[in-house]
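I have placed the structure first, in the form of structure tokens, so that the comments after it can refer back to it.
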Amino acid sequence: MSKFEYKVLHVCKQSGARVGELTTPHGKIITPVFMPVGTQATVKSLAPYEVEAAGAQIILSNTYHLYLRPGHKLVEKAGGLHKFMNWHKPILTDSGGFQVFSLSKINKITSDGVTFRSHIDGSKHLITPEKSMEIQESLGSDIMMAFDECSRYGADEREATAAMKRTLSWLDRCRKYHVNDTQMLFPIVQGNMYKNLRLQSLKETVQYAECGFAIGGLSVGEPKELMYEIMDEMQPYYPEKHPRYLMGVGSPDCLVEGVLRGIDMFDCVLPTRIARNGTAFTHNGRVVVRNGIYKEDFTPLDDKCDCYCCKNYTKAYLRHLNNAGEILGGRLLSLHNITYLTGLMDRIRTAILEDRFLDFVNAFRLSPEYKNM
RNA sequence: GGACAGGUUCCCGAGUGGCCAAAGGGAGCAGACUGUAAAUCUGCCAGCACCGCUUUCGGUGGUUCGAAUCCACCCCUGUCCA
């Protein structure tokens, strides 16, 4: 009996969007969900209790980074990633496939796998689908991602087809390697911006899905309208029984548009990265707190937010911290930004449960939260 | 009173005849950031009618085709000696 199960709890009568519950060995996740990213076994600058206080139900970590440092065997020896980093809710690990794409200058892709040089010390490594599975098993994540090739935005159809097909053949190898039932493997749909490839990839990928699947290769530089178009194209073909995870998407507007297009799970570095760079998501749109206009602004960052940052500090202080290079600035904004996004997901779920998600989307599109993002 | 050293665009600081509106930092200002090689990166930073012109390198006067750079005097700062 698998420890994994996805139950659709409610389908919005107005929009067709759904609220569901994904059961994992480390607890249940209510979808739609936003997952903060903790690449190197830490959501940058925050302690796990803070990530939890910000409303996170599950976090994402990374195969590529933890394999290089400190090494997956070390994490295994430590008792697994949950214990190592003291996060006891679910963890999803990315496969390292995205690094193939984002660090493309230092690697070489063959049908066997990817040869690359470590960005840390220049040493040479080969990651294959089997190796990615081995690493993720050592880490002990709840959800493992299949090792995929995400082709770059602007790739021609030939290149995109090759990457998509390679992703499918690698998926087959991941599946054959993966035998334990304490971890769930999510396959990844590719196909770049080509609708025919997307549909072909989706159709074949979904057959391998046991308890969920992901859509990769979007939000890689294309206009949002194009991303939405591709999603619209795929939406009618999603199986109902699986949660659908849109990888790498996390701006408030994209989350809302994503849920409308049938997505249940999202992850993104955006809230924590822009936080460290002095920008916050708020109910009034983005606030670049480091800007001069906040020098003497003694009001809270977001008066509709009751996170620790908004309850206790002013924009003037946050600006001061950021401009003084104090780490607390990035910490407080990270805490707030994650709280904001998990709060947005709460609002989305509530609207779905109350069968008014379409009204919610229409109002949201006209709000500063959407327009100033 | 004497001897050195020095005064450069918001700050520090390079520059010792033309390639200098003046290197490089810092500060300031703005922008970017979407499965994190990111507490990072990029741009602006004398003024303007901006492919050119005007005002800048302690002050004044001079030498020169041409001065932040050379000369004279003056003012100020630091260190040391009386």
Side-chain angles (χ1 to χ4, degrees), chain A residues 34-46 58-66 68-69 91-107 116-123 132 136 141 143-150 153 167 186-190 213-224 227 245-255 257-258 263 265-281 286 288-295 318-334 337 341 373:
Chain A
F34 174 76
M35 309 182 278
V37 178
T39 301
Q40 307 205 70
T42 167
V43 175
K44 287 187 193 295
S45 89
L46 297 178
I58 168 174
I59 61 166
L60 183 145
S61 197
N62 197 288
T63 296
Y64 167 86
H65 297 265
L66 297 179
L68 287 180
R69 184 169 58 189
I91 297 176
L92 180 153
T93 43
D94 191 16
S95 63
F98 186 70
Q99 276 60 45
V100 174
F101 159 77
S102 63
L103 307 177
S104 57
K105 275 159 258 159
I106 56 172
N107 66 49
F116 62 92
R117 286 192 178 279
S118 160
H119 68 276
I120 299 164
D121 63 4
S123 55
S132 176
Q136 294 186 75
S141 53
I143 300 169
M144 304 191 292
M145 298 308 298
F147 191 62
D148 65 331
E149 183 188 344
C150 174
Y153 175 55
T167 297
F186 271 37
I188 303 174
V189 175
Q190 288 292 345
F213 66 96
I215 294 143
L218 288 179
S219 197
V220 289
E222 78 282 13
K224 287 177 182 177
M227 176 172 85
Y245 162 30
L246 178 60
M247 307 187 78
V249 166
S251 63
D253 52 347
C254 291
L255 293 181
E257 298 291 349
I263 303 300
M265 303 168 69
F266 303 87
D267 81 283
C268 199
V269 305
L270 197 60
T272 44
R273 178 179 289 171
I274 66 172
R276 277 176 277 116
N277 296 330
T279 301
F281 293 134
R286 284 198 201 197
V288 183
V289 85
R290 103 181 107 74
N291 283 178
I293 48 168
Y294 302 113
K295 196 170 187 174
L318 293 168
R319 171 184 140 82
H320 161 68
L321 290 178
N322 269 281
N323 289 25
E326 285 293 340
I327 194 157
L328 183 60
R331 273 172 46 68
L332 290 173
L333 288 186
S334 292
N337 282 349
L341 289 185
M373 281 304 161

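Sequence lines set the chain letters: A, B, ... in the order given, protein chains first and strands last, and positions in each chain run from 1.
- Nucleotides B/rC12 and B/rG78, compared at atom P, are 14 Å apart to the nearest Å.
- Across all strands shown, B/rU69 has no partner, as no Watson-Crick or G-U wobble contact with both distances under 3.5 Å is found.
- Nucleotides B/rG66 and B/rC51 place their C1' atoms 23 Å apart, quoted to the nearest Å.
- Across all strands shown, A/Gly329 has no heavy atoms under 4.0 Å from either base or sugar-phosphate atoms.
- Within the 4.5 Å cutoff, side-chain heavy atoms of A/Phe186 are placed close to those of A/Met265.
- If you check B/rA49 for Watson-Crick or wobble pairing at under 3.5 angstrom, you find it has no partner at all.
- The partner of B/rU63 is absent, by the rule that a Watson-Crick or G-U pair needs both atom distances under 3.5 Å.
- B/rC19 and B/rG26 have their C1' atoms separated by 28 Å, given to the nearest Å.
- When heavy atoms are screened at a 4.0 angstrom cut-off, A/Leu103 is found touching base atoms of the nucleic acid.
- The residue A/Leu92 sits apart from the nucleic acid: no heavy atom pair falls under 4.0 Å.
- Using a 4.0 Å heavy-atom cutoff across all strands shown, A/Glu149 reaches no nucleic acid atom at all.
- Side chain to side chain, A/Gln40 and A/Asn62 fail the donor-acceptor criterion of an N or O pair below 3.5 Å.
- Across all strands shown, B/rA30 pairs with B/rU42; the Watson-Crick or G-U wobble distances both stay below 3.5 Å.
- Contact between A/Phe116 and A/Leu68 at its shortest, heavy atoms only, is CE1-CD2, 4.3 Å.
- When the nucleotides B/rU36, B/rC29, B/rA30 are ranked by their closest atom to the side chain of A/Asn291, B/rA30 comes out on top.
- Side-chain contact between A/Leu60 and A/Ile91 is absent, with no heavy-atom pair separated by less than 4.5 Å.
- When the P atom of B/rG35 is taken as reference, atom CZ of A/Phe147 falls 17 Å away, rounded to whole Å.
- Rounded to a whole angstrom, the distance from the P atom of B/rA23 to that of B/rA14 is 14 Å.
- Here the side chains of A/Leu332 and A/Leu318 are in contact, with some heavy-atom distance below 4.5 Å.
- When rounded to the nearest whole Å, the span between CE of A/Met265 and C1' of B/rU34 equals 17 Å.
- Comparing the P positions of B/rC33 and B/rG52 gives a spacing of 36 Å, expressed to the nearest Å.
- Not a single donor-acceptor contact under 3.5 angstrom links the side-chain atoms of A/Ser102 to the base of B/rU36.
- Going from atom CE of A/Met227 over to atom C1' of B/rU34 covers 8 Å, rounded to whole Å.
- Across all strands shown, A/Ser45 has no heavy atoms under 4.0 Å from either base or sugar-phosphate atoms.
- The pairing partner recorded for B/rA5 is B/rU77, the criterion being a Watson-Crick or G-U wobble arrangement whose two distances lie under 3.5 angstrom.
- Of the candidate nucleotides B/rC33, B/rG35, B/rU36, B/rG35 has the atom nearest to the side chain of A/Ser95.
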**Message:** I need a per-nucleotide contact map over nucleotides 38-47 of chain B, read 5' to 3'. Cutoff is protein heavy atoms under 4.0 Å; write B for the base, S for backbone only, - otherwise.
**Reply:** BBB-------
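- When the C1' atom is used for both B/rA21 and B/rC44, the distance is 15 Å, rounded to whole Å.
- B/rA68 sits 8 Å from B/rA22 when the C1' atoms are compared, rounded to a whole Å.
- Atom CZ in A/Phe98 sits roughly 6 Å away from atom P in B/rU36 (whole-Å rounding).
- If you check every strand for non-hydrogen atoms under 4.0 Å, A/Lys224 touches a base.
- The P atoms of B/rU16 and B/rC53 are separated by 26 Å, rounded to the nearest whole Å.
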Taking only distance into account, with no hydrogens and no angle test, what donor-acceptor pairs under 3.5 Å do side-chain atoms of residues 273-280 of chain A form with protein atoms, sequence neighbours excluded?
| residue | atom | partner | partner atom | Å |
| --- | --- | --- | --- | --- |
| A/Arg276 | NE | A/Thr272 | O | 3.4 |
| A/Asn277 | ND2 | A/Arg273 | O | 3.4 |

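- Nucleotide B/rU36 is matched to nothing when pairs are restricted to Watson-Crick or G-U wobble geometry with both distances under 3.5 angstrom.
- Side-chain proximity of A/Leu270 to the nucleotides B/rC33, B/rC29, B/rG31 is greatest for B/rC33.
- Between A/Asp94 atom CG and B/rG35 atom P the separation is 10 Å, expressed in whole Å.
- Among the protein residues, A/Gly292 comes within range of the sugar-phosphate backbone only, with heavy atoms under 4.0 Å from sugar or phosphate atoms but none that close to a base.
- A donor-acceptor contact under 3.5 Å is formed by the side chain of A/Asp148 with the base of B/rG35.
- Taking only side-chain atoms of A/Asn62, from C-beta outward, the nucleotide of B/rU34, B/rC33, B/rU36 with the closest atom is B/rU36.
- Residues A/Met144 and A/Ser132 have side chains not in contact (no heavy-atom distance under 4.5 Å, counting atoms from C-beta outward).
- B/rG28 atom C1' lies 15 Å from atom CG of A/Asn322, rounded to whole Å.
- Note on A/Ser219: every side-chain N or O is 4.0 Å or more away from OP1 and OP2 of B/rU34.
- Scanning both residues, A/Ile188 and A/Ala146, for their nearest heavy atoms gives CD1-O, 3.4 Å.
- Rounded to whole Å, the distance from CD1 on A/Ile59 to P on B/rU36 is 12 Å.
- Take A/Glu257 and apply the salt bridge (charged side-chain N to carboxylate O under 4.0 Å, His left out) test, not counting sequence neighbours, and it matches A/Arg261, A/Arg365.
- Separating the CG atom of A/Asp253 from the P atom of B/rC33 is a distance of 11 Å, rounded to the nearest angstrom.
- Contact annotation: A/Arg319 reaches the phosphate of B/rC29 (side-chain N/O to OP1 or OP2, under 4.0 Å).
- Taking the six-membered ring where the residue is Trp, the centroids of A/His320 and A/Tyr294 are separated by 6.0 Å or more.
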